[in-house]
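These notes are about the structure you will find just below.
A note on names: the letters A, B, ... follow the listed sequences, proteins ahead of strands, and every chain is numbered from 1. All figures in this text were calculated on a predicted structure; none of them were measured in a lab.
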Number of protein chains: 2
Amino acid sequence: MATIKDVAKRAKVSVATVSRVMGNKEHVTESARLKVEKAIKELNYQPNITARRLREQKTKSIIVIVPDINNTFFPEVFRGIEAVATQKGYRVWLEDMQNNPDIEREIFEVLPQKQVDGIISLTARTKRETIEAVAKQYPLVIAGQYLEDSKIPYVGISNIKASRDAVNHLIKLGHTNIAHISGPLNQLIFQDRLKGYESALERAGLKVDKDLVFKGNYTYESAFELSTEIIKSKKQITAIFAANDEMAAGVIKGIKAAGKRVPEDYAVIGFDNIRLAAIIEPAITTINQPKKEMGKRAIEMLFDLIEGRALKEERVVLKHSLVVRESCGEKVRD
Amino acid sequence: MATIKDVAKRAKVSVATVSRVMGNKEHVTESARLKVEKAIKELNYQPNITARRLREQKTKSIIVIVPDINNTFFPEVFRGIEAVATQKGYRVWLEDMQNNPDIEREIFEVLPQKQVDGIISLTARTKRETIEAVAKQYPLVIAGQYLEDSKIPYVGISNIKASRDAVNHLIKLGHTNIAHISGPLNQLIFQDRLKGYESALERAGLKVDKDLVFKGNYTYESAFELSTEIIKSKKQITAIFAANDEMAAGVIKGIKAAGKRVPEDYAVIGFDNIRLAAIIEPAITTINQPKKEMGKRAIEMLFDLIEGRALKEERVVLKHSLVVRESCGEKVRD
DNA sequence: GTGAAAGCGCTAACAG
DNA sequence: CTGTTAGCGCTTTCAC
């Protein structure tokens, strides 16, 4: 591999001049620039980024932590992040926790060694102190999740409002006995989705019944198993609000496996609007989260942090929307 | 951040000694080692990996190129790769081509600048010369795909045999008019799957009919659209072999949308055994590829290459298996 | 067994 | 406008 010295020698200039040309700096005569560019091309020179990083004391790379790469929600956010980062010449490292809390803990613990310029976390399940500790060392933005009373900037949607919209949709369709399959309630967003559910019921004058809340762990499998309980319930459930699409898919599968129909026997509404929601049958009516946008905003905020600019907003709340498909009984073209 | 100098000063030794302790080298007295370790702990010292890389002329990182992160086949292979790589202290950089040939081309073209120790590609769609050129500069292993008559090492399964197994399953169930939805036939693995299909028919004494082959592009959407043609076909098709599960899911959706039933009107068999295959209805009977294993073997081969060891095998062929679910009419517990 | 010092390739401060 | 040079933090000779 040719180095900057080789280029300098060939172009008969100093390394400083070569460096200036590379960096598109001023104070270089046109003739010098031409000579350098010629030499670069002839030697097929690529600057050594490791050396550049060492010198500049920047890694030009960031880490994105995703809870589970198999839930397509996260890859979509990731793509939003990557698009912006790549454009700025940053590398993006993906840390997948494989939906495993142990791995998650470990990731956060070794994070300080990783030496990156910043971190975006699509999860906030880990102990608060651990995350805060990381945030002290690194620019950190959380996306899709958040920490209560924390200074850590985040971008997300209003989970309470969005859930209310979901449940209102069910109420408008005439349902009164609406169950909720929650995510893990140690995560604020799932607490919020539960709150939104309760608040929608209250506003409609319906009873909030603890027996109608089933605790999922946010996976497909967990909801599949809960379907049995839901069907057995004495509460005459006719509609289900699942806290994410994976779980919505899981209950639907379970309900059908038990010989019941969706939406005829049970209307089901989900949350996230992942790819799967449009594929399974019936296609899932759900709340759309602007995933790509979320990624973009997160990385933009991170760059503000990295480059020492003040954040315009510490908390960015994006718009969600209701996507009506088939699983609630209003068949609409997708 | 503390540097090696700070540690040396605090431990009252030279930086060389600190470096030796870090590297677990010999020729350090126990007392010196203890002093250094104490200082490291006290200063919470983390060696600067950028500096180390520059000095060692290694990046300790590799690139994994995936065609489409949304097809869960790839994340599963990726996890196999990552598990091994992380353990060895390597970082894995994911390049997602977003199922876009332009991006793919671009990725391969800029690859030389990326300065990594090695590359694993889960795709081989790009022009052969481009890939070969990359392989000249970098240790490169291809997984799940391959290049004909190329020296580039790869790990995969026998796509011909596996497809034959798939089609044989259909034949055993009594089908004689079996259609095939192929992937893009500029990719060898999809050519092979077509060959396996044809060979199974021939061996069974069935006619091979070009009109029974429908060209998909390996996405869900493409197969969804082809379903119309398949249904309209005059060939009395009763069974379909889709070259991957995404397309199997797509045809199934299309068939059902047209008011026909799977497996009663059309038996469908897929390929890959991705997560989706077990989720959609009917659950897809398919060929399992050992995805995680594939990733592991690929990264092990890559390390052999990086570290200059001779490869035990240039081409590793893993075992596939038939997974019987519902889409062919033999309902079996998953 | 240990330390001094060279040098990986680059950028930027400084001098001219 | 251009060149010389220090130095980023580390590992590894080479002396002692």
Salt-bridge test for [X] and [Y]: reply yes if a basic N is under 4.0 Å from a carboxylate O, no otherwise.
X: B/Glu300; Y: B/Lys88; value: no
X: B/Arg309; Y: B/Glu307; value: yes
X: B/Glu95; Y: B/Lys114; value: yes

(request) Could you check how far NE2 of B/His27 sits from C1' of C/dG3, rounded to whole Å? (result)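 Going from B/His27 (NE2) to C/dG3 (C1'), I get 15 Å.
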
(request) Please report, rounded to the nearest Å, how far the P atom of C/dG9 is from the CE atom of A/Met22. (result) 14 Å

pair [X]-[Y]: side-chain heavy atoms closer than 4.5 Å:
X: A/Leu122; Y: A/Ile120; result: yes
X: B/Asp304; Y: B/Lys312; result: yes
X: A/Val84; Y: A/Tyr90; result: no

(request) Starting at CG of B/Asn44, measure out to CE of B/Met1 and round the result to the nearest 0.5 Å. (result) 8.0 Å

(request) Any chance you could measure A/Glu37, atom CD, to A/Glu30, atom CD, to the nearest 0.5 Å? (result) 7.5 Å

Do any of [range] sit with a heavy atom less than 4.0 Å from DNA chain D, and if so which?
range: residues 51-63 of chain B; value: B/Ala51, B/Arg52, B/Arg55, B/Glu56
range: residues 33-50 of chain B; value: B/Tyr45, B/Pro47, B/Asn48
range: residues 4-17 of chain A; value: A/Val13, A/Ser14, A/Val15, A/Ala16, A/Thr17

(message) Please determine whether a side-chain nitrogen or oxygen atom of B/Ser19 lies at a distance below 4.0 Å from atom OP1 or OP2 of D/dT12.
(response) no

(request) Indicate whether OP1 or OP2 belonging to C/dC8 is found under 4.0 Å from a side-chain N or O atom of A/Thr3. (result) no

(message) Just to verify, which of B/Asn99, B/Thr130, B/Thr126 counts as forming a side chain to side chain donor-acceptor pair (under 3.5 Å) with B/Glu104?
(response)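 Only one of B/Asn99, B/Thr130, B/Thr126 forms a side chain to side chain donor-acceptor pair (under 3.5 Å) with B/Glu104, namely B/Thr126.
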
(request) Decide yes or no on salt bridge (Lys or Arg N to Asp or Glu O under 4.0 Å) for B/Asp96 and A/Arg79, but give the supporting numbers first. (result) CA-CA 8 Å; B/Asp96 173 23; A/Arg79 280 189 177 170; 2.6 Å; yes

